[in-house]
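Below is one structure, written out as structure tokens; the observations come after it.
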Amino acid sequence: MKFTLSKDNLEDAAKLLVKVINPKNTLPILASIKCAVNESERWLTMTASDGEMWLTKQVPLDTCEGGGDFCVPARSLADSLAEIPGEEIEIVADTENGESAHFTVSHLSGKTEFPLQSADIYPDIPDLREDADAGIVILPHAGIRRATKRTLFAIAQDDLRPVLTGVYFNLSEAVLDIVGTDGRRLLRNRLDMSEVCSPKHKCSFIIPKKVSRLLPEYIGTDEECDIMASDKMVSMDYGNLLLTFVQIEGKYPNYNSVIPNPAHIVSCNRQELLRAVRNVTHFAPEDSCLIVLNISKDKMSLESIDYDYSSRSTDSLTLDNPSGVKMKIGVKGSLLAEILQQIAEDEVSIGLTDPSHAMTLTPKNSVHTNEESTFLLMPMMMSE
């Protein structure tokens with residue numbers, strides 16, 4: 001078979017697909033990209049997998065003679081395309097010569113040959129349409145992309161509780177919650193989906209860490225996404241890109257039950273608070289990173305003390321405190337700084353109940369309509 005296509009389109013697809021592939025695979029064929037050429041529709045469909053995740057990308061062809069399936073080494077293809085000059089390339093896939101089958105990429109200044117493997121041994125993509133319990137939900141890209149990318153900082157980095165290492169999607173009553181937590185901090189992104197789906201649509205699943213990290217790179221900002229979820233698998237269809245993966249099994253914690261309804265709300269400039277937190281955190285004890293927030297009528301004072309090194313740091317900033325609450329609460333400075341970095345807005349609202357209850361942080365005036373982000377930070381015990 002012979003076909004021509006844009007070099008840039010093929011290179012972009014190869015770079016995207018190669019990120020799915022593990023450096024070491026139990027199946028040698030998984031080091032390759034499966035290619036399927038459709039002559040009548042002029043499409044090259046490329047698939048990469050690590051055995052639990054499948055990514056399929058469609059690339060348009062300019063001309064095409066013949067069709068068929070084959071596998072080509074992923075890393076070699078991606079590296080070679082990065083160095084090839086020109087805007088258009090011609091590819092000839094000789095699939096008839098058994099072990100001598102090859103894949104030739106011709107360009108302006110030469111050509112490159114790759115060995116081919118049969119596509120028959122490549123693992124098939126699970127088809128969720130055969131699962132009667134798998135429902136289809138159509139959701140917008142932009143909100144999912146932002147929320148997933150923002151939630152990654154909150155997920156657990158160890159495997160003691162596997163469900164906490166992923167990002168949780170929960171659609172119910174036309175509201176989509178995208179949640180991440182490691183037990184010490186939590187982020188709930190709440191998206192109003194009433195304009196794109198009905199209250200009867202329900203689905204929930206936990207996206208593995210690897211998929212969560214790659215997902216913002218895969219999806220755009222303008223189109224819509226078809227999501228299909230079964231008990232074990234999830235499929236996300238973005239038109240010319242299809243992502244299918246095994247979800248994390250287990251029951252996600254009841255995150256709504258731990259988010260308090262704060263008795264007091266204070267607000268301040270986010271950048272000023274972040275600067276003050278970073279300042280005092282430098283002098284906090286290394287093991288606990290404890291800093292103390294002392295809230296008064298119109299000011300917040302921050303303090304850290306490291307008795308081992310006889311060091312102390314204080315800082316302060318102005319505060320909008322309508323209720324006039326006075327409270328002293330201890331938190332982990334590094335976690336508070338990470339939360340403040342995830343907020344794009346200039347002003348942040350801080351919800352307080354008492355020193356023993358979690359503190360909530362939310363953007364005071366969200367730049368995105370129909371989206372709500374609630375950050376939760378557990379308090380720490382303060383020494384007298």
Whether [Y] and [X] form a salt bridge (side-chain N of Lys/Arg under 4.0 Å from carboxylate O of Asp/Glu) is what I want to check.
{"X": "Arg190", "Y": "Glu371", "result": "no"}
{"X": "Asp50", "Y": "Lys210", "result": "yes"}
{"X": "Asp315", "Y": "Arg275", "result": "yes"}

Any donor-acceptor N or O pair under 3.5 Å, side chains [X], [Y]:
{"X": "Thr56", "Y": "Thr47", "result": "yes"}
{"X": "Ser313", "Y": "Ser304", "result": "no"}
{"X": "Asn38", "Y": "Ser40", "result": "yes"}
{"X": "Asp192", "Y": "Ser194", "result": "yes"}
{"X": "Asn189", "Y": "Ser373", "result": "yes"}

* Let me see the working for Asn321 and Met300 under side chain to side chain contact (heavy atoms under 4.5 Å, CB included), right down to the final yes or no. => CA-CA 10 Å; Asn321 187 353; Met300 178 190 294; over 6 Å; no
On a heavy-atom basis, the closest approach of Cys268 and Leu319 is CB-CD1, 3.8 Å
Just do the side chain to side chain contact (heavy atoms under 4.5 Å, CB included) check on Arg188 and Thr181 with the steps written out, would you? CA-CA 9 Å; Arg188 182 190 68 189; Thr181 182; over 6 Å; no
Just checking [X]: does its [atom1] atom have more than 12 heavy atoms from other residues, nucleotides or ligands closer to it than 6.0 angstrom?
{"X": "Glu52", "atom1": "CD", "result": "no"}
{"X": "Asp287", "atom1": "CG", "result": "yes"}
{"X": "Lys149", "atom1": "NZ", "result": "no"}

Are the side chain of [X] and the backbone N or O of [Y] linked by a donor-acceptor pair below 3.5 Å?
{"X": "Arg270", "Y": "Leu340", "answer": "yes"}
{"X": "Asn22", "Y": "Asn25", "answer": "no"}
{"X": "Gln342", "Y": "Phe153", "answer": "no"}
{"X": "Asn256", "Y": "Ile259", "answer": "no"}

Specify whether Tyr168 and Tyr255 have parallel, tilted or perpendicular ring planes, treating 30° as the upper limit for parallel and 60° as the lower limit for perpendicular.
->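 Perpendicular.
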### Parallel, tilted or perpendicular, as decided by the 30° and 60° cut-offs, for the rings of Phe70 and Phe3
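Phe3 vs Phe70 ring planes: parallel.
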Checking Leu16, Ile89, Leu81, Leu77 against Glu11 for side-chain contact (heavy atoms from CB on, under 4.5 Å), the one that qualifies is Leu81
Between Ser267 and Ser349, is the side-chain hydrogen bond (donor to acceptor under 3.5 Å, both in side chains) condition met? List the steps.
CA-CA 4 Å; Ser267 60; Ser349 296; 5.1 Å; no
Mind running side chain to side chain contact (heavy atoms under 4.5 Å, CB included) on Val331 and Met380 for me, showing each step along the way?
CA-CA 5 Å; Val331 297; Met380 296 181 68; 5.6 Å; no
For Ile155 and Thr165, run side chain to side chain contact (heavy atoms under 4.5 Å, CB included): C-alpha distance rounded to whole Å, both residues' side-chain angles, the deciding distance at 0.1 Å, then the answer. CA-CA 5 Å; Ile155 64 176; Thr165 64; 5.7 Å; no
Handout entry: Evaluation steps, salt bridge (Lys or Arg N to Asp or Glu O under 4.0 Å), between Glu303 and Arg312
Key = CA-CA 7 Å; Glu303 180 181 27; Arg312 177 184 178 186; 2.7 Å; yes
| field | Pair Lys111-Glu90, salt bridge (Lys or Arg N to Asp or Glu O under 4.0 Å): steps then yes or no | value | CA-CA 9 Å; Lys111 63 180 182 180; Glu90 181 184 80; over 6 Å; no
